[in-house]
Amino acid sequence: MEGNIVSLNATVIVQMINFLVFMVIMDKVLFKPMITHLAKREEELNVLKIEAEELRKSAEKFLQEYQAVIAEAKEKAKELLNAALREAKEERERIISQAQEEMQAKVEKAKAEIWASFEQEKEKLAERVDEIANEIVEKLLKKAA
């Protein structure tokens, strides 16, 4: 059989049997353990993905809670600031009012003192006018006599 490139003889059959035995051994030694390992790895990756997703959701939840707490704290701080400003404004108004009342009382007292002094001076002048008038009358009477 010189014309055929491939001839079927005993070495081809032995090589086929060797190849089949090699494939069975490789299947038991390499392929099945590798497939099992890849399946376990895939399963572990899926578990890790699930855990990562749960952690992401938990982180989002904590972030939302944190933002809510921060917003509430800002609101409380704003309320406290507004209350303090209101209280300060009321205190300022009270102090101004009290100062105006005290000033008004002092002005009234000063007016009363000035008026009393004016009345005293008016009485003194009235007495002095009578004295001066009597002196003028006496001098005129002395000149006339």
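Predicted model only: the values in this text are computed from it and were never measured.
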Q: Examine Leu30 and Phe19 and state if one hydrophobic cluster contains both, with Ile, Leu, Val, Met, Phe, Trp and Tyr joined whenever side-chain heavy atoms are less than 4.5 Å apart.
A: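 In one cluster with Leu30: Phe19, yes.
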Q: Calculate, to the nearest 0.5 Å, the distance between atoms CD and NZ belonging to Glu127 and Lys122 respectively.
A: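 Reported to 0.5 Å precision, the distance equals 13.0 Å.
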Q: Check whether Leu63 and Ile70 end up in the same hydrophobic cluster, where Ile, Leu, Val, Met, Phe, Trp and Tyr are linked by side-chain heavy atoms less than 4.5 Å apart.
A: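 Shared cluster, yes.
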Q: Counting neighbours of CZ on Arg41 that are heavy atoms of other residues, nucleotides or ligands and sit closer than 6.0 Å, is the number greater than 12?
A: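 Count not over threshold, so no.
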Q: Between atom CZ of Phe31 and atom CG of Leu38, what is the distance when rounded to the nearest 0.5 Å?
A: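 So the gap between those two atoms works out to 12.0 Å.
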Q: Given the rule that I, L, V, M, F, W and Y join up when any side-chain heavy atoms are under 4.5 Å apart, are Leu140 and Ile132 in one cluster?
A: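 In one cluster: yes.
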Q: Just verifying a value: how many Å separate Leu48 CG and Leu55 CG, rounded to the nearest 0.5 Å?
A: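 Rounded to the nearest 0.5 Å, the CG-CG separation comes out at 10.0 Å.
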Q: Could you check whether any side-chain heavy atom of Asp27 comes within less than 4.5 Å of a side-chain heavy atom of Met23, counting everything from C-beta outward?
A: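 SC-SC contact between Asp27 and Met23 ruled out.
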Q: Closer than 3.5 angstrom, by distance alone: can the side chain of Ser97 be matched with the main-chain N or O of Glu93 as a donor-acceptor pair?
A: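 No, Ser97 side chain to Glu93 backbone: no donor-acceptor pair under 3.5 Å.
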Q: Roughly how far apart are Glu102 CD and Ile95 CD1, rounded to 0.5 Å?
A: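 With rounding to 0.5 Å, CD (Glu102) is 10.5 Å from CD1 (Ile95).
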Q: Between Glu43 and Lys40 (salt bridge meaning N to carboxylate O under 4.0 Å), is one present in this structure?
A: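 Between Lys40 and Glu43 there is no salt bridge, as every charged N stays at least 4.0 Å from the carboxylate O atoms.
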Q: To the nearest 0.5 Å, tell me how far Lys111 NZ sits from Ile114 CD1.
A: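 It is 9.5 Å, given to the nearest 0.5 Å.
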Q: When clusters are formed by joining ILVMFWY residues with side-chain heavy atoms under 4.5 Å apart, either directly or through shared neighbours, do Met34 and Phe22 land in the same one?
A: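 Linked, Met34 and Phe22 end up in one cluster.
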Q: Is there a salt bridge (charged side-chain N to carboxylate O under 4.0 Å, His left out) between Arg128 and Glu131? Walk through the geometry before answering.
A: CA-CA 5 Å; Arg128 186 76 176 131; Glu131 289 175 13; 3.2 Å; yes
Q: Are more than 12 heavy atoms from other residues, nucleotides or ligands located less than 6.0 Å from atom CD of Glu53?
A: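 More than 12 heavy atoms, drawn from other residues, nucleotides or ligands, come within 6.0 Å of this atom.
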Q: Salt bridge check: are Glu54 and Lys57 linked by an N-O gap of less than 4.0 Å?
A: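 Judged by the 4.0 Å cut-off on N to carboxylate O distance, Glu54 and Lys57 do not form a salt bridge.
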Q: Using a strict threshold of under 4.0 Å (side-chain N to carboxylate O), is an ion pair present between Lys78 and Glu75?
A: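 Salt bridge absent between Glu75 and Lys78.
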Q: Does Met26 belong to the same Ile/Leu/Val/Met/Phe/Trp/Tyr cluster as Val21, with side-chain heavy atoms less than 4.5 Å apart forming each link?
A: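 No, it is not one cluster - the side chains of Met26 and Val21 are not joined through contacts under 4.5 Å.
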Q: Are any of the side-chain heavy atoms of Ile136 and Lys139 separated by less than 4.5 Å?
A: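 Not touching, per the 4.5 Å side-chain cut-off.
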Q: Is a salt bridge present between Glu79 and Lys76, judged by a nitrogen-to-oxygen distance below 4.0 Å?
A: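 No.
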Q: To the nearest 0.5 Å, what is the distance between CZ (Arg86) and CG (Leu81)?
A: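 Taking CZ in Arg86 and CG in Leu81, the distance rounds to 10.0 Å.
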Q: Verify whether one side chain among Gln64 and Glu60 offers a donor that lies under 3.5 Å from an acceptor in the other.
A: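 Judged by distance alone, the side chains do not pair up.
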